[in-house]
Protein chains: 2
Amino acid sequence: MENSGGPARTEALETDLAAGLERVIGLFRSLSQPSGLSMTAAATLATLERNGPSRLTLLAAREGVTQPAMTQLISRLAEAGLASREADSADGRVVQVRITDEGRATLMRRRAGRAAKLAAILAQLSPEHRAALAAALPALDALAAARREDEPVPA
Amino acid sequence: MENSGGPARTEALETDLAAGLERVIGLFRSLSQPSGLSMTAAATLATLERNGPSRLTLLAAREGVTQPAMTQLISRLAEAGLASREADSADGRVVQVRITDEGRATLMRRRAGRAAKLAAILAQLSPEHRAALAAALPALDALAAARREDEPVPA
DNA sequence: TATTGTTATACTCTATAACTATA
DNA sequence: TATAGTTATAGAGTATAACAATA
């Protein structure tokens with residue numbers, strides 16, 4: 001019922017979606033501050049939790065930062081006890097990064113605090129809007145999982 | 001097929017939405033790099049474009065940064081010709097910030113580039129997912145417009 | 001005295017370039 | 001020679017604290 005134009009308005013979707021996401025990001029950032037984790041740090045931990053241990057270069061590509069930046073980020077996470085480095089038995093150059101139990105716990109705390117604030121905001125929305133957001137969750141996931149063409153799939 | 005739990009899982013919306021947004025933000029950030037604008041800079045310009053001239057303190061509160069940070073950001077934007085400072089005739093302490101035509105043009109270029117990349121990604125999604133995203137746009141807007149209770153409406 | 005904004009200083013995070021170690 | 005990762009250095013962006021100007 002929302003989009004009276006139907007399938008013909010496909011061209012505007014990316015523009016409107018980009019604008020909407022940009023505005024949502026501002027809100028989201030203010031929700032995420034108290035955890036002490038940077039946006040990239042949290043996203044990296046979440047990736048490690050979701051996909052299991054991963055090589056450092058892969059993580060850097062996945063999060064859209066450079067290799068040195070990821071090296072430093074993992075060093076910080078390791079020093080904080082949230083992630084750990086492991087040598088790869090097959091290739092001596094490779095470093096496997098793994099999330100620790102404390103990392104998982106931190107992620108959970110962060111999510112709980114953020115969810116509480118988000119819940120208060122969602123409560124201000126209409127049931128229709130909430131339903132639309134719920135219905136869009138799989139699409140948001142697919143969107144996040146999709147890769148750019150110029151940055152080929154890290155597998 | 002998406003959510004086997006059905007409508008009973010309303011409580012999880014904030015959790016799932018937060019997780020989905022966090023992942024999308026990572027993607028979004030990698031889409032926004034070539035513009036040369038930081039996330040906060042772009043959001044501030046967008047706010048100025050959307051709501052018209054605004055006081056510096058208001059902008060800082062709105063974007064969730066401190067007053068000194070906003071002072072420096074506006075200085076950078078002014079130096080780049082994207083925004084301008086104006087004295088308030090009614091209150092000598094107040095600085096009104098305004099977006100320039102060049103600022104608007106930069107915003108448009110940024111959006112165009114980002115939309116192009118986003119379009120390539122959206123093309124990889126199923127029509128159902130795209131429809132779900134389109135249907136969620138008003139809700140995303142409402143979400144971004146909603147303010148937190150502990151950070152009262154800047155008006 | 002309170003409010004608006006700026007300046008001073010320090011810290012986090014990131015990028016590019018140069019380097020080490022393994023393949 | 002190529003690849004995985006680290007170290008060195010510089011810069012952007014932010015916060016807290018101290019300050020100047022206006023109300």
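Per chain, numbering begins at 1; letters A, B, ... match sequence-line order. Computation of the quantities below employed the complete heavy-atom set of this structure, encompassing side-chain atoms and omitting hydrogens, waters and symmetry-equivalent molecules.
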Please report the distance, rounded to the nearest Å, between [atom1] in [X] and [atom2] in [N].
X: B:L58; N: C:dT3; atom1: CG; atom2: P; value: 15 Å
X: B:Q96; N: C:dG5; atom1: CD; atom2: C1'; value: 13 Å
X: B:L37; N: D:dA12; atom1: CG; atom2: C1'; value: 13 Å
X: B:Q67; N: D:dG13; atom1: CD; atom2: C1'; value: 17 Å
X: B:M39; N: C:dC13; atom1: CE; atom2: P; value: 15 Å
X: B:E79; N: D:dG11; atom1: CD; atom2: C1'; value: 14 Å

Review point. Any side-chain donor paired with an acceptor under 3.5 Å for A:R62 and A:T44?
Key: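 On atom types as modelled, these side chains do not qualify, holding no pair under 3.5 Å.
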Point to revise | Short side-chain donor-acceptor distance under 3.5 Å, B:R50 and B:T47 | key: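 B:R50 and B:T47 do not have a side-chain donor-acceptor pair below 3.5 Å.
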Quick check on [N]: is either OP1 or OP2 less than 4.0 Å from any side-chain nitrogen or oxygen of [X]?
X: B:T40; N: D:dG13; value: no
X: B:T66; N: D:dT14; value: no
X: B:R76; N: D:dG13; value: yes
X: A:R85; N: D:dA4; value: no
X: B:S38; N: D:dA12; value: no

Point to revise | Option among B:L77, B:L45, B:L48 that satisfies the side-chain contact (heavy atoms from CB on, under 4.5 Å) test with B:V97 | key: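 The side-chain contact (heavy atoms from CB on, under 4.5 Å) with B:V97 is passed solely by B:L48 among B:L77, B:L45, B:L48.
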Residue [X], side-chain heavy atoms: nucleotide from [options] that is nearest:
X: B:Q72; options: D:dT14, C:dG5, C:dA15; answer: D:dT14
X: B:V95; options: D:dT3, C:dG5, D:dG13; answer: C:dG5
X: A:R55; options: C:dT6, D:dA23, D:dA4; answer: D:dA4

**Study point:** 5' precedence on DNA chain C between B:M70 and A:P68 (nearest-nucleotide basis)
**Key:**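 Nearest-nucleotide comparison on DNA chain C picks B:M70.
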Practice item. By nearest nucleotide on DNA chain C, pick out whichever of A:A41 and A:R93 is the more 5' one. Key: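 Its nearest nucleotide lies further toward 5', so the answer is A:A41.
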Review point. Quick one: on DNA chain D, does A:T57 or B:G92 contact a more 5' nucleotide (nearest heavy atom)?
Key: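 On the 5' side of the pair lies A:T57.
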Exercise for review: Describe the nucleic acid contact of B:S75 in one word from base, sugar-phosphate, nothing, applying a heavy-atom distance below 4.0 Å.
Suggested key: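 B:S75: no heavy atom of the nucleic acid under 4.0 Å.
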Check your understanding: Are the side chain of B:R130 and the backbone of B:L125 linked by a donor-acceptor contact shorter than 3.5 Å?
Key ->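 Yes, because the side chain of B:R130 sits within donor-acceptor range (under 3.5 Å) of the backbone of B:L125.
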**Study point:** Side chain to side chain, A:V24 and B:V24, heavy atoms closer than 4.5 Å
**Key:**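 Answer no - side chains too far apart.
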